[in-house]
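Following: one structure in structure tokens, then a few remarks.
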Amino acid sequence: MISRLKLYNFRSYELFETQLGDTGTVIVGPNGTGKTNLLEAIYIALRGTSFRGSLLDCMRHQTAHSIIHLETNNQPRRVQLLRSADNAIAKEFTIADSTSKTLPRKHRLPVVLFEPNDLRLISSSPQRRRDFLDGLLSRLDATYDTQLRIFNRTLLQRNELLKHHPESTTKWQDHLFAWDIKFVQSANTLAAARAHFLYTYEKRLELLYASLAGKQTPFTVEYLPSVSLDNYEQSLLDRLQRSREYELATGYTSAGPQREDFLISLHSRPAVKVASRGEMRTIMLAFKLLELELQTERTKHRPLILMDDVFSELDATREKLLQETIQHHQFVVTTTDARHQKDGCLIISTQ
Ligand SMILES: Nc1ncnc2c1ncn2[C@@H]1O[C@H](COP(=O)(O)OP(=O)(O)OP(=O)(O)O)[C@@H](O)[C@H]1O
């Protein structure tokens, strides 16, 4: 449970201090008054990273020292950000007299964030959908988080090699082949984990969708790999070798998890083509509720819910269902519309 937030030079806030409600807090104010900034500060203190940019961006303009102080379960935690002359950042996370440069995994508390961009994900780019799925899997599974980092590093190294190729010497070709092998192995781990996750939770997503939509709707979700998932490693290796000329010309790896996507269908038709905007939002809400359920099961704690102005995106029925779900968690909600205030909540105005 979080109980108090203090900020120093964080985004639009020079000095700010507030209590947080035991059950819930509603942050009300017009656009651009710093509501999301407060959610972001809480998120950073609990998870160690921001959900919308680098920690350097979070430091108040023209300042060199920022602090987030959050009381959680009667234990204070402090995040200090220091900007050096060359605009580099040093971070310090302090919990119970122990300080570290990153937030230790054991101190990352479960948080589920609902934000309007996620609700619009179905109609957005494959890159954003991949990031969404990777974010979801990384929050649920520390091993996936590590595998994703390894994959991203491998991809970067391989692309560097493609960009800086000498006149295809044998030494360079051997070097690239070694990276091809590393790449397909790492790619296989990621693609298999993503496909497995979607396959495992397809039925649960269908149920969550039905409860939000108020009616049974045939719902499927399918991972779209660059090559067949059976024999993925070898097929990807063959594909890369066939695309060598294209890759050398562009300097980019032509296939693999960094190009893959997933497809959600309603009534056996791609949601991106047939679903209404409301239905697309309902699909994404089903994903967020799944995350909430899985985080609760895996951590044995009820996650804190942060909601950034999502009620304005929903109709009255879905808003009510979502309100009922969040009743069982501590939550912090932002809204521009004072009508979304709820009984028993602490109200913070940013006006
Ligand atoms: N590093 C920073 N230093 C100073 N001010 C900043 C910094 N980053 C963002 N801001 C300011 O914070 C304000 C935006 O805050 P925020 O996104 O929290 O608003 P909001 O109330 O959530 O708005 P909306 O309702 O439109 O989503 C803007 O005025 C922006 O200029």
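Model, not experiment: these values are computed from the prediction. Start at 1 and go down the list; that is how both ligands and their atoms are numbered. Heads up: numbering here begins at 1 and tracks the sequence. Computation of the quantities below employed the complete heavy-atom set of this structure, encompassing side-chain atoms and omitting hydrogens, waters and symmetry-equivalent molecules.
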Any atoms of ligand 1 less than 4.0 Å from a non-hydrogen atom of Asp57? List them with their elements. 1 (N)

Less than 4.0 Å from atom 26 (O) of ligand 1, is there any heavy atom belonging to the protein? yes

Protein heavy-atom partner closest to atom 22 (O) of ligand 1 - residue, atom, separation in Å: Thr36 OG1, 2.6 Å

Taking the six-membered ring of Tyr209 (Phe, Tyr or Trp), confirm whether the NZ or CZ of Lys215 is under 6.0 Å from its centre and within 45° of its axis. no

Can you figure out which of Arg11, Lys35, Met59 has its heavy atom closest to atom 8 (N) of ligand 1? Arg11

For atom 2 (C) of ligand 1, what's the nearest protein heavy-atom neighbour? Residue, atom name and distance, please. His61 CE1, 3.3 Å

min-distance protein heavy atom vs atom 19 (O) of ligand 1 -> Gly34 N, 3.3 Å

Please could you name the atoms of ligand 1 that Thr33 approaches to less than 4.0 Å, counting only its heavy atoms? 19 (O), 20 (P), 21 (O)

Any heavy atom of Thr334 closer to ligand 1 than 4.0 angstrom? no

Carboxylate-amine/guanidinium proximity below 4.0 Å for Asp180 and Arg244: yes

Give a yes or no answer on whether the side chain of Ser98 reaches the backbone of Thr94 with a donor-acceptor pair at less than 3.5 Å. no

Let me confirm one number: the CG-CZ distance from Leu294 to Phe197, rounded to the nearest 0.5 Å. 5.5 Å

shortest atom 11 (C) of ligand 1-to-protein heavy-atom contact is with Ser12 CB, 3.9 Å

Only heavy atoms count here, so choose which of Glu14, Arg52, Arg60 is nearest to atom 17 (O) of ligand 1. Arg52

Which ligand 1 atoms does Pro30 reach within 4.0 Å, using its non-hydrogen atoms? 21 (O)

Which one of Leu38, Asn37, Asp308, Thr336 has a non-hydrogen atom at the shortest distance from atom 12 (O) of ligand 1? Asn37

Does a donor on one side chain and an acceptor on the other come within less than 3.5 Å for Glu71 and Ser3? no

Any Asp309 heavy atom less than 4.0 Å from ligand 1: no

Within the protein, is there a heavy atom lying under 4.0 Å from atom 6 (C) of ligand 1? yes

Just by modelled atom types, is the Ala193 backbone N or O under 3.5 Å from a matching donor or acceptor in the Gln147 side chain? no

Using non-hydrogen atoms of the residue, decide whether Gly32 is closer than 4.0 angstrom to ligand 1. yes

